[in-house]
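In this chain, residues are counted from 1 in sequence order. Keep in mind that what you see is a predicted model, and the values were worked out from it rather than measured.
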Amino acid sequence: MPLTGRAALLAALGSIPVGVLEPGWTGILAVNGSLALACACDYALAAPVRRLLLTRSGDTSVRLGDTAEVTLTVTNPAGRPLRARLRDAWPPSSWQPGTETGSSRHRLTVPPGERRRVTTRLRPTRRGDRQADRVTVRSYGPLGLFTRQGTHKVPWTVRVLPPFTSRRHLPSKLARLRQLDGRTGVLTRGEGTEFDSLREYIPGDDTRSIDWRATARQSAVAVRTWRPERDRHILLVLDTGRTSAGRVGDAPRLDASMDAALLLAALAARAGDRVALLAYDRRVRALVQGRTAGDVLPSLVDAMASLEPELVETDARGLTAAALRTAPRRSLIVLLTTLDAAPVEQGLLPVLPRLTQRHTVLVASVADPHIARMARARGSAEAVYEAAAAGQAQRERERTAEQLRRHGVTVVDALPEDLAPALADAYLALKAAGRL
């Protein structure tokens, strides 16, 4: 039940005539007594806060960088009008820096027995679930001298999804996919392994392709048409260990890996392939499998939303075992991890033959743009030393990549903004070469 600044101002102004005209207890009691009576009346006329009914509605998910709107409905069941200031509290990462005060605080007036809505606009700066905190309401009397204050718990969760910035590359990759094996030249007569459709018999067709049951149900001879098998299996494996926490540019390596995985998943789903996701460090952090082509991308985005790097060393043996369990039949396994020498040589290389003997393996890694800039630096002794160090780091990554290639692994090593299209190109190249 705090006093307002207006009450303090009136008390200060009242002390001036007391000091000039009637110094002493009589003047003080006259001024403060009147002010106390006014405050008591103001408090009595202020609408009670505890009896307010608050409900939420609005967005439950938003892409990182976009704006979500959450509406708070305030119902005033009391017989007095509600004049209030309201603070809708959310975690600090729910807004851009410096915008929290203007976005979370609202003024509203609710007549007796009515309801009003206020909208809080969130623009999160991190992925994951953002849960609403308490709603604080400060109710003012008609004189604005005294207030009632209380808090309400109104649960609501907004899931912040990965931004999928590489979506802009999808049309060009789909055009190339159609050139490779898309929609022309895939139907053959009497060849292939996957049934496509029935058509009328034409002289010269292979008689072994005649469908006698379909022929019996119609007046013309029906022939089966086939197409090459397109139902390939692709397993996307995200390494969520400590190396994925390293920042490249303004975001962790894991975010760039997820963006590349989403573009590849969208492309593969359009190509008719089955896509699954495994996120692993020392245990399974996320698993998505068995989704249809239309559901796979939303499922992957939802599963990736809450993924965060874990500051532990990735268990390569456990990751391999989990990948083999998730992909029991021959698949393309896309491992998004680091090309740092120690994790690869000590962890991945010893267990790599277990993957390559049954599956096609592709390793994708995010290169650090800062190292690329250092390698081009010149002009001073310090810059030359930095360029030498960067060159040594790049040669070490190339040596690690070459070790993987000697085991039959396709390697993609690119800067964050180039990783997604480079990974999609590698997938299309494997598809064109018939290695899927």
Side-chain angles (χ1 to χ4, degrees), residues 63-65 91-94 97 124-130 159-166 236-265 277-288 300-320 322-323 333-349 351 362-374 389-390 393-394 396-397 400-401 404 411-420 422-423:
R63 289 195 180 277
L64 184 64
S93 59
S94 301
T125 57
R126 294 178 56 190
R127 289 180 295 100
D129 291 337
R130 298 292 170 268
R159 172 156 287 194
V160 186
L161 307 174
F164 194 10
T165 55
S166 61
L236 304 171
V237 182
L238 286 174
D239 179 359
T240 57
R242 64 169 183 83
T243 56
S244 66
R247 300 189 72 84
V248 286
D250 296 329
R253 280 190 171 91
L254 181 60
D255 286 26
S257 297
M258 289 192 299
D259 192 54
L262 288 175
L263 179 63
L264 179 57
L277 170 72
L278 171 67
Y280 192 94
D281 42 71
R282 288 186 176 273
R283 62 181 180 87
V284 176
R285 301 290 177 177
L287 180 62
V288 178
L300 293 185
V301 169
D302 188 64
M304 291 178 181
S306 57
L307 282 179
E308 294 292 344
E310 300 292 331
L311 299 182
V312 296
E313 195 71 40
T314 300
D315 178 10
R317 293 186 180 276
L319 185 148
T320 302
I333 295 182
V334 180
L335 176 58
L336 294 116
T337 184
T338 181
L339 281 181
D340 294 345
V344 172
E345 293 176 358
Q346 299 174 15
L348 182 60
L349 284 179
V351 298
L362 190 158
V363 172
S365 180
V366 184
D368 192 342
H370 181 62
I371 293 179
R373 288 192 297 269
M374 287 174 57
Q394 290 176 333
E396 187 173 287
R397 288 178 69 88
T400 304
L404 293 172
V411 179
V412 175
D413 185 22
L415 299 176
E417 63 273 14
D418 300 328
L419 180 65
L423 181 58

Identified side chain to side chain contact (heavy atoms under 4.5 Å, CB included) counterpart of M258 within the set V301, L277, L300, L238 = L238

Passing candidate, side chain to side chain contact (heavy atoms under 4.5 Å, CB included) with D281, options L319, V312, D315 = V312

Mind checking whether L348 and P343 have side chains closer than 4.5 Å, heavy atoms only?
-> no

All heavy atoms of A372 vs all of Q394, minimum pair found to be CA-NE2, 3.9 Å

Exam field: side chain R242 to backbone T314, donor-acceptor pair closer than 3.5 Å | no

Locate the shortest heavy-atom distance separating T125 from L64; write the atom from each residue and the value.
-> C-CD1, 3.6 Å

Value rounded to 0.5 Å, distance of CD in E308 from CD in E310 | 8.5 Å

If only atom types and distance count, is the side chain of R127 paired as donor or acceptor with the main-chain N or O of A305 below 3.5 Å?
-> yes

Without swapping roles, check the side chain of R63 against the backbone of P162 for a donor-acceptor pair under 3.5 Å.
-> yes

Do L339 and V411 pass the side chain to side chain contact (heavy atoms under 4.5 Å, CB included) test, and can you show the C-alpha distance, the side-chain angles, and the key distance before you say yes or no?
-> CA-CA 9 Å; L339 281 181; V411 179; 4.0 Å; yes

Is R159 reaching over with its side chain to a backbone N or O of D302, donor-acceptor style, under 3.5 angstrom?
-> yes

Crowded around R317 CZ? As in, over 12 foreign heavy atoms under 6.0 Å?
-> no

Please check if the side chain of D368 supplies one atom and the backbone of H370 the other of a donor-acceptor pair under 3.5 Å.
-> yes

How about T243 and R253: does a side-chain donor come under 3.5 Å of a side-chain acceptor?
-> no

Given side chains that start at C-beta, do those of L336 and L423 come closer than 4.5 Å, heavy atoms only?
-> yes

Provide the closest heavy-atom pair for A286 versus L307 in the form atom of the first, atom of the second, distance.
-> CB-CD2, 4.1 Å

Atom CE of M304 and atom CG of L236: how far apart are they, to the nearest 0.5 Å?
-> 6.5 Å

Listed partners of E345 passing salt bridge (charged side-chain N to carboxylate O under 4.0 Å, His left out), at least two apart | R399

Could you tell me whether the side chains of D239 and S244 share a donor-acceptor contact shorter than 3.5 Å?
-> no

Do P91 and R126 touch side chain to side chain, with heavy atoms closer than 4.5 Å?
-> no

Are any non-hydrogen side-chain atoms of L278 and V284 less than 4.5 angstrom apart?
-> yes

Check whether any side-chain heavy atom of P416 sits under 4.5 Å from a side-chain heavy atom of L419, and report yes or no.
-> no

T240 (side chain) donor-acceptor with Y280 (main chain) under 3.5 angstrom | yes

For residues D259 and P163, determine if any side-chain heavy atom of one lies less than 4.5 Å from a side-chain heavy atom of the other.
-> no

